[in-house]
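To keep things clear, I will list the structure first and then write my remarks on it.
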Amino acid sequence: MKQSKLFTKTQKFAPKDEISKNAQLLIRAGFAHKEMAGVYSFLPLGLRVIEKISEIIKVEMDAIGGMQMKNSALQVQNVWEKTNRWDDAVVDNWFKTELKNGTKVGLAFTHEEAMTNLMKNFVSSYKDLPAYPYDIRTMFRNETRAKSGLMRGREFYWKALYSFSIDEAQHNEFYERAKKSYQKIYKNVGLGAKTYLTFASGGTFSKYSHEFQTISEAGEDIIYVDEEKNIAINKEVLTDEVLSDLNVNKDNLKETKAIEVGNIFSLGTKFSEPIGLTYKNKDGKEKKVFMGSYGIGIGRLMGTIVEVFADDKGIVWPESVAPFKIHLLVLGTQSVVRSQADELYRKLQEAGVEVLYDERDIQPGQKFADSDLIGIPYRVVISERSLKDGGVELKKRNEEKGKIVKIKNLLENKKYARNNN
RNA sequence: CGGAGCAUGGUGUCAACGGCUAGCACGCACGGUUUGGGACCGUGUAGUUUGGGUUCGAAUCCCAGUGCUCCGACCA
């Protein structure tokens with residue numbers, strides 16, 4: 001993409017009423033636009049990141065048997081009444097409205113009810129199970145207080161998978177696979193080293209649920225990390241009983257702030273029972289479906305990545321989620337240099353490299369500053385000087401110094417091509 | 001939902017005593033000089049959150065609304 005064609009611009013200053021680092025940088029660099037508190041639009045650059053993250057998640061969900069679908073955002077009242085979650089006194093973060101004819105509808109804040117109800121159409125025998133539909137979509141929650149930039153919004157983009165199993169044993173087997181799959185996702189988006197499987201409060205059907213917490217000062221949660229065991233415990237469930245359950249020594253725990261970047265939950269028959277999702281087993285007996293839910297906030301993950309890796313100059317994207325692999329800057333206005341730069345851009349694209357080409361007629365300093373702010377992993381500078389030195393200057397975003405490489409070598413190096421991280 | 005603070009061009013601003021043309025910087029437009037770290041010069045462009053009130057006169061004082069931020073509560 002040519003940078004002159006990008007309608008967004010970078011800003012030197014962040015809006016003063018935006019305090020959190022993730023939102024400041026994402027707005028300054030042109031990834032996001034704030035519509036109102038807790039509501040952000042994703043601009044072209046931001047959307048590319050969102051899609052990269054979504055793709056990583058999809059691959060892992062598909063690998064454990066997930067099947068993507070798209071739920072509706074509008075929800076009718078009656079299903080929610082079956083689980084007693086329509087009443088504002090029970091769930092206070094609903095956005096509700098009504099149809100012209102007076103029918104009340106809500107804007108989905110989660111889809112357990114909707115999914116359970118939907119599956120009634122398709123599940124009647126043990127042969128129809130298990131099933132693992134998932135959805136990546138915008139969700140709405142009428143938060144009393146949006147905060148921390150993209151971290152807690154009133155409207156947010158996320159992935160939710162629901163598992164429908166014959167019984168608890170089948171559920172547990174999937175649950176363990178989901179756990180591993182989640183860890184792979186965090187590793188693949190670059191957060192593996194800082195993200196811990198964290199024990200949190202469960203529900204009627206399981207003692208614990210599991211959260212995935214990324215260590216960061218920007219976090220809202222407090223967790224206790226046991227580095228040796230590579231697990232953490234959420235402060236809200238930290239008791240002696242839990243410590244002995246998990247065989248964890250209190251002295252090995254380190255308190256830290258963390259961002260909840262995902263959670264997985266055993267739901268049991270909490271939803272299948274009131275909504276009536278059942279199947280016939282081999283003996284012809286009616287059985288309740290055993291469920292689980294598995295969520296990841298994609299916008300929040302994006303914000304977390306910014307929080308964790310940014311430096312004083314701007315964002316530093318891990319290669320796997322960066323909007324582009326290479327940021328190509330051409331310096332100077334000489335036509336000899338320009339034409340070589342244009343050709344390099346064309347050839348990189350032919351080689352399947354995602355490249356943002358800064359061919360604008362502006363000062364070098366501005367290009368460097370923009371490049372650092374936007375945070376694309378590899379910066380390639382082509383200029384009169386670099387050509388004289390034998391090629392282009394290649395520098396990684398997170399390294400101080402670049403080096404001269406021959407244009408031929410750059411083009412032949414497969415590691416810059418898409419799908420080759 | 002409880003508490004606190006804030007609101008001046010597209011952005012920033014602890015610029016402006018109740019009083020003269022609302023200042024400065026960034027951005028943007030035009031011209032020129034520059035061309036490896038947001039360069040320089042000149043000429044322009046664009047603003048007092050909304051509604052009331054007090055006053056000869058309000059960005060400034062008062063009332064109400066709206067919005068934003070922070071702390072807390074809440075948060076499958």
Side-chain angles (χ1 to χ4, degrees), chain A residues 8-20 23-24 27-30 33-39 83 85 88-94 108-113 115 139 141-149 151-154 156 158 160-162 200-206 208-211 220-221 234 236 259-260 262-268 270-271 291-297 300 312-314 329-334 337-338 358 360-374 379-389 392-393 395 400-402 404:
Chain A
T8 58
K9 290 176 190 167
T10 59
Q11 285 170 224
K12 212 164 182 174
F13 307 107
K16 67 142 186 242
D17 58 8
E18 192 67 79
I19 305 296
S20 73
Q24 281 197 351
I27 289 170
R28 281 186 55 209
H33 167 77
K34 184 181 197 166
E35 204 60 39
M36 53 187 274
V39 179
T83 55
R85 290 214 291 179
D88 285 338
V90 180
V91 177
D92 64 358
N93 61 8
W94 269 103
F109 67 94
T110 183
H111 280 98
E112 279 88 358
E113 279 83 351
M115 283 299 308
M139 203 62 73
R141 287 187 191 177
N142 204 341
E143 294 282 352
T144 48
R145 186 183 162 210
K147 57 184 287 196
S148 309
M151 300 304 194
R152 174 127 67 128
R154 300 199 160 95
F156 56 95
W158 86 336
L161 181 145
Y162 299 103
S201 55
T204 328
F205 292 89
S206 62
Y208 304 107
S209 69
H210 295 90
E211 295 172 342
E220 291 183 23
D221 288 10
N234 195 308
E236 64 192 22
I259 302 167
E260 185 184 343
N263 60 43
I264 60 178
F265 220 92
S266 294
L267 299 170
K270 185 175 172 185
F271 293 91
M291 293 173 55
S293 74
Y294 313 79
I296 293 183
R300 181 182 279 187
D312 57 340
K313 286 179 180 154
L329 317 190
V330 56
L331 305 187
T333 52
Q334 287 185 18
V337 179
R338 286 275 166 168
D358 192 349
R360 297 174 299 169
D361 190 12
I362 56 170
Q363 291 282 315
Q366 277 184 61
K367 292 193 178 183
F368 291 136
D370 275 356
S371 183
D372 288 339
L373 180 59
I374 292 171
R379 190 186 75 188
V380 170
V381 175
I382 179 164
S383 66
E384 191 187 358
R385 187 203 284 183
S386 79
L387 290 170
K388 207 178 287 171
D389 290 344
V392 295
E393 186 213 61
K395 186 185 94 68
E400 270 300 301
K401 284 207 164 157
I404 296 291

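Since the model is a prediction, treat every value here as computed from it, not as a measurement. Every chain is numbered from 1 and lettered A, B, ... according to where its sequence line falls, protein lines coming before strand lines.
With values rounded to the nearest 0.5 angstrom, A:Trp94 atom CH2 is found 9.5 Å from A:Asp88 atom CG. Considering OG1 of A:Thr10 and CD1 of A:Ile27, their distance stands at 13.5 Å, rounded to 0.5 Å. Separating the CZ atom in A:Arg28 from the NZ atom in A:Lys12 is a distance of 9.5 Å, to the nearest 0.5 Å.
With rounding to whole Å, A:Phe13 atom CZ is found 10 Å from B:G38 atom C1'. Regarding A:Asp221, its CG atom lies at a distance of 13 Å from the P atom of B:G72, rounded to whole Å. Summarising the geometry, the separation between CD1 on A:Ile27 and P on B:U11 is reported as 11 Å, rounded to the nearest angstrom. Look at CZ on A:Arg28: it is 12 Å from P on B:G12, rounded to the nearest Å. Here the P atom of nucleotide B:G72 and the CD atom of A:Glu143 are 15 Å apart, to the nearest Å. For the pair A:Glu220 CD and B:C75 P, the computed distance is 13 Å after rounding to whole Å. Atoms CD (A:Glu35) and C1' (B:G67) sit 13 Å apart, rounded to a whole Å. What separates NZ of A:Lys12 from P of B:G10 is a distance of 20 Å, to the nearest Å.
Contacts of A:Phe109 with the nucleic acid, taken as non-hydrogen atoms under 4.0 Å apart, are absent. Among the protein residues, A:Ala14 comes within range of the sugar-phosphate backbone only, with heavy atoms under 4.0 Å from sugar or phosphate atoms but none that close to a base. A:Ser201 comes within 4.0 angstrom of nothing in the nucleic acid, heavy atoms only. The residue A:Asn93 sits apart from the nucleic acid: no heavy atom pair falls under 4.0 Å.
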Apply side-chain contact (heavy atoms from CB on, under 4.5 Å) to residues A:Asp358 and A:Phe368 and explain how you reach the verdict.
CA-CA 10 Å; A:Asp358 192 349; A:Phe368 291 136; over 6 Å; no
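Nearest to the side-chain atoms of A:Lys147 among the listed nucleotides B:C71, B:C75, B:C26 stands B:C71. In the set B:A39, B:G12, B:A73, the nucleotide with an atom closest to the side chain of A:Thr144 is B:A73. Listed nucleotides B:G38, B:C28, B:C71 differ in distance to A:Lys9; the shortest reach to its side chain belongs to B:C28.
Figure legend. B:A39 is base-paired to B:U33; pairs are counted as Watson-Crick or G-U wobble with both atom distances under 3.5 Å. The partner of B:A58 is absent, by the rule that a Watson-Crick or G-U pair needs both atom distances under 3.5 Å. Across all strands shown, B:G18 remains unpaired; no Watson-Crick or G-U wobble contact has both distances below 3.5 Å. The nucleotide B:C70 finds its pairing partner in B:G3, both defining distances of the Watson-Crick or G-U wobble pair being shorter than 3.5 Å. Judged by Watson-Crick or G-U wobble contacts below 3.5 Å, the nucleotide B:G12 has B:C24 as its partner.
Nucleotides B:G19 and B:G67 place their C1' atoms 31 Å apart, quoted to the nearest Å. Atom C1' of B:G10 sits at a distance of 14 Å from the matching atom of B:A29, rounded to the whole Å. B:G52 and B:C14 have their P atoms separated by 29 Å, given to the nearest Å. Rounded to whole Å, the separation between the P atoms of B:U48 and B:G9 comes to 7 Å. One P atom belongs to B:A59, the other to B:C75, and the distance between them is 46 Å to the nearest Å. As rounded to the nearest Å, B:C24 and B:C61 have P atoms that lie 24 Å from one another. Across the C1' atoms, B:G47 and B:G23 are found 12 Å apart, a figure rounded to whole Å. Between B:C28 and B:G12, the two C1' atoms lie 15 Å apart (nearest whole Å).
Remark: A:Lys395 does not engage A:Glu400 in a salt bridge, criterion side-chain N to carboxylate O under 4.0 Å. Salt bridge absent: A:Arg385 and A:Glu393 never bring a charged side-chain N and a carboxylate O closer than 4.0 Å. Using a 4.0 Å cut-off between charged side-chain N and carboxylate O, A:Arg360 and A:Asp370 make a salt bridge.
In the model, A:Glu143 has no side-chain atom that pairs as donor or acceptor with a side-chain atom of A:Asn93 under 3.5 Å.
Between A:Arg145 and B:C71 there is a side-chain polar atom (N or O) within less than 4.0 angstrom of OP1 or OP2. OP1 or OP2 of B:U69 lies within a sub-4.0 Å distance of a side-chain N or O belonging to A:Lys34.
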Heavy atoms under 4.0 Å is the rule here; annotate nucleotides 31-36 of chain B 5' to 3' with B where the base is hit, S where only the sugar-phosphate is, and - elsewhere.
---BBB
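Of all non-hydrogen atoms in A:Ser383 and A:Ser386, the two that sit nearest each other are N-OG, 2.9 Å.
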